[in-house]
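One structure is given here, and the rest of the page talks about it.
Since the structure is predicted, the reported quantities are computational estimates derived from the model, not experimental observations. Just so you know, ligand 1 is whichever comes first in the structure, and atom 1 is the first atom listed for that ligand.
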Amino acid sequence: MFTPLPDKPDHPALELEILALWEREGTFERLRERNRGGPRFGFMDGPITANNPAGVHHGHGRTLKDVFQRYKAMRGFDQRYQNGFDSQGLWVEVEVEKELGLGSKPEIEEYGLDRFARKCRDRVAKYSEVMTRQFVRLGQWMDWDNDYYTFSDTNIEYIWMFLKEVHRRGWLYKGHRSTQWCPRCGTSLSQHEQAGEENYVELEHPSLFVRFPLTDRTGEALVVWTTTPWTLPANVAAAVQPDAEYGLTEDGRWVAVALFPDEAFARRAPGSELVGLRYAGPFDDLPAQSGVEHRVIPWDEVSLDEGTGIVHIAPGCGAEDFELSRVNDLPVIAPIDEAGRMLPGFGGLEGLTTNEVAEPVVDSLRDRGLLVSAGTIVHRYPICWRCKTPLVFRVVDDWFISAEEIRRPMLDANATVEWTPPQYGKRMDDWLRNMGDWNISRKRYFGLPLPFYECECGELNVIGSRAELEERAVSGLDQLEELHRPWIDAVTVRCAACHQPVERIPEVGDAWLDAGIVHFSTLGWRNPEWKEHGYATGASAGVSGADLPDHAYWEQWYPADWVSEMREQIRLWFYSQCFMAVTLDGRSPYGKVLTYEKVFDERGKPMHKSTGNMIDLDDALSRMGADVARWLYCAQVPSQPLRFGYSLADDVKRRLLTFWNSASFFVTYASISSFDPAAEPGKPQPLDRWLVSRTAQLVRDATEEYERYWTPGVVAAFESYTEDLSNWYIRRSRRRFWADDTAALHVLWNSLTQALRVIAPVMPFLAEYLWRHLVDAEDSVHLAPWPEPAAIDEALLAEVADVRRVVELGRRARDEARLKLRQPLRRLVAEGAPLAATHAAEIADELRVKEVEFGGVDASELRVKPNLPLLGPKLGAALRDVRDRLQRGEFEQLGGGRFQVDGHVLEADEVIVERVGREGWAVASEDGVTVAIDTSLDDELRLEGRLYDRIHEVNVLRRDSGLEITDRIRLWLPDADLLERYGERIAAETLAVSVERGDLRLEKA
Ligand SMILES: [Zn+2]
Ligand SMILES: [Zn+2]
């Protein structure tokens, strides 16, 4: 009944086989059916951007989600398996622009917003299919036909509902602000989008020192420093630090003294004395500058670390400059348009980009004698998170949600959340404490249409639902295909205040509104009755089949018990969903979070297409297999960057092979013995009782690790168990398997099948494959109940742990003395492993020694050396004497690893202790256990050594001759002494029916 296993698993091939099997048997549907009505475990999937094929970093998050959903399913939990696709916003637009070869907003508009919207939807539809195939291949079990798409009209309506509520509370406002702007995308970007490290790069820019002549003081000028020449034509003021000291050089330049310490100054004055002075601006002739009076203003934030200590202020080009314009009542000159090109009013500069402006600006300053010096500087500079274009600042109107009133409630909500690893909860707190108002508007096309209708009468009409839109619409409803531009733009509504028709503002919303609302939109928060396929509206009609549940369902599944995304989502999805949920419902939308760091290559370097170390997810899955990839994702601590690559995968394969070999060993002997798991187990031996306890320990430990969402713990527990199973239980029990011992077979079968269930969530394919070989060819390990741990005999586990330590050290000592294990030795002494004392015979057998003693090891010398970095500073001049005494062995042991030398007490970490075998002994020592082996050989031991060599040689020959494990042989050996002394033993160990003298050979009997 047991079919033998191949020598080693072909992971990818085996996985495809299992995928087909699951499909055929409807395994996942049966699992869900079985758990329906059981206790609920609410998981909410964070939507993934369906814009390109998934990479190995997506595989990471997907694996973690799947592991815990599978675990909870095995434990009988009823769950939601709805996958989410993020499907509108800048990321989709930028890729579609590339696809269509469009490079600017006017080109998109010329192409047509309707066609553009369709292209965006088609791209999402295409890549959501591609990704689905990839995630199925990875082994993720999701309800793939019922994905939610954030571009659905339903999702959009729920965001409208949220925005209306925000408006009702008075948090919504239009801000006229200086904001980070992407000149390629033609939109402002918000703090949380841009906050990541990856959104800064080193760039080279001009570095200019420019003279601003003071109008009231002939021959004197301010000197300012700038790296953005395009902002100089928009200059309106120069800022100084009032308390700082400034100096006037011999040739009439004012600078901060602190920045030019070597300069000889003709005059010195505090900054406050310069405040109010007027100067000639660098580009006063430009029409844009007409009527501007340039003056010196005070500013405490002026940096005295770089530049000149005098800062050029252009309120149209920077956030701080803009703030200063409010305080000091300065004019605001905006020099660039949406695309980052100079506006009319800037003479010959008009139409040039911010880069192109640099050269004419420098030339003009030089011609007019205003340039002090020009060079370049390399500095960190922000780039667009989506298209990587360097950003500029523009003053524009944007829509904001004030964060002030929600900040405290969000912090309170976050305090109820259990974060894994816990330090990320603090990061969330930090983000919340520092978050600015939420800039929700983007001047783009395929995104959430902001439902704001600003009337000339001053009324801001905010529409909260499609029903409200229909009710208040004046025109355009007939052509409204979906709630996207351009269709939504054609709908006008009646102003609530003056009853005039009003148009929608053109802006669309921040994509994080789309993702943040899903706890409400997908669960049917405000929906009175269940609508089949009711969520799949607007752009998602025909792409998804998702239902819109009713409010009762929302009550059941909200808040989610658990969510998991990567760390950068703290300022993105975790933030937006918390913001929206606390606003609408007052609670955190999730109870527990697992978050994790990024995926890097095997050397810990970021993966990039350009550096050639990028690994394609499909490639990884088809080369290493999904189980191996999943193992890599699960084995590493989530708070560290994850390393991923093919040589690490080979390592994993080797480790998985140990377990495979144990299963294969079982299958081999079980089929020879026609083992029946249902038959009487037979009488267990002490080692069997140990394995039962050891297996129970695995079940208990792994369960605890799953419960705390800690995959590295699960993997570590399984790996150490596999090691014990293979290198202790099976090694020590081989003879019993040869002898058809049913107790051993039974215990091994039982242990393997429990271990398979424990590890099935992490490596679902291999576990399934082996389960079908070991337990039931017809049924799935994933439908098996979670194992109940047997009683654990802790004392026995501790004993065997000590035994294994002694054996391990014994092997190491033999290795160091170059005495192979086949050479019997006389004596072993073990110290520091008292629990192993009752297992002396096993140790003797494992290490092939005649006698095992427990007690003090005097076969070794203690060598103590000073740990110089610690002891040097402590002892000073006395160090030399202490070192010499240590070397001569003049020290006293104080216990706890401490030593006393000539009145000095040396702590354990201040010394380096080694044990070295005395002549004739090999010694190994670790963690307080020391094992010494007598290395002397006599004739008797040498003869026995030859015996084991011969037996080994014959067994290799047996295998090379293609004999089955059970085949009997006739054997010829040349060694008269061995035949005489050990003939019967040789026969027994090699399954020989006869052993005779002759040249070494064998034949099948
Ligand atoms: Zn951009
Ligand atoms: Zn009005």
For the Zn ion (ligand 2): protein N/O/S atoms at distances below 2.8 Å: 4

Ring geometry between Phe579 and Tyr575 (parallel below 30°, tilted from 30 to 60°, perpendicular above 60°): perpendicular

Neighbour count above 12 (heavy atom, 6.0 Å) for Glu503 CD: no

Qualifying ring-ring contact (aromatic ring centres under 6.0 Å, His included) pairs with a residue from residues 450-498, counting only residues at least two apart or across chains: Trp399-Phe452, Phe446-His484

Polar side chain donor-acceptor pair, Trp225 to Glu306, under 3.5 angstrom: no

Protein N/O/S count near the Zn ion (ligand 1) (criterion: distance under 2.8 Å): 4

Pairs meeting criterion ring-ring contact (aromatic ring centres under 6.0 Å, His included) with involvement of residues 456-480, two or more places apart: none

Glu320, CD atom: more than 12 neighbouring heavy atoms under 6.0 Å: no

Exceeds 12 heavy-atom contacts within 6.0 angstrom, atom CD of Glu359: no

Glu110, CD: over 12 other non-hydrogen atoms inside 6.0 angstrom: no

Side-chain heavy atoms of Glu193 within contact of Asp510, under 4.5 Å: yes

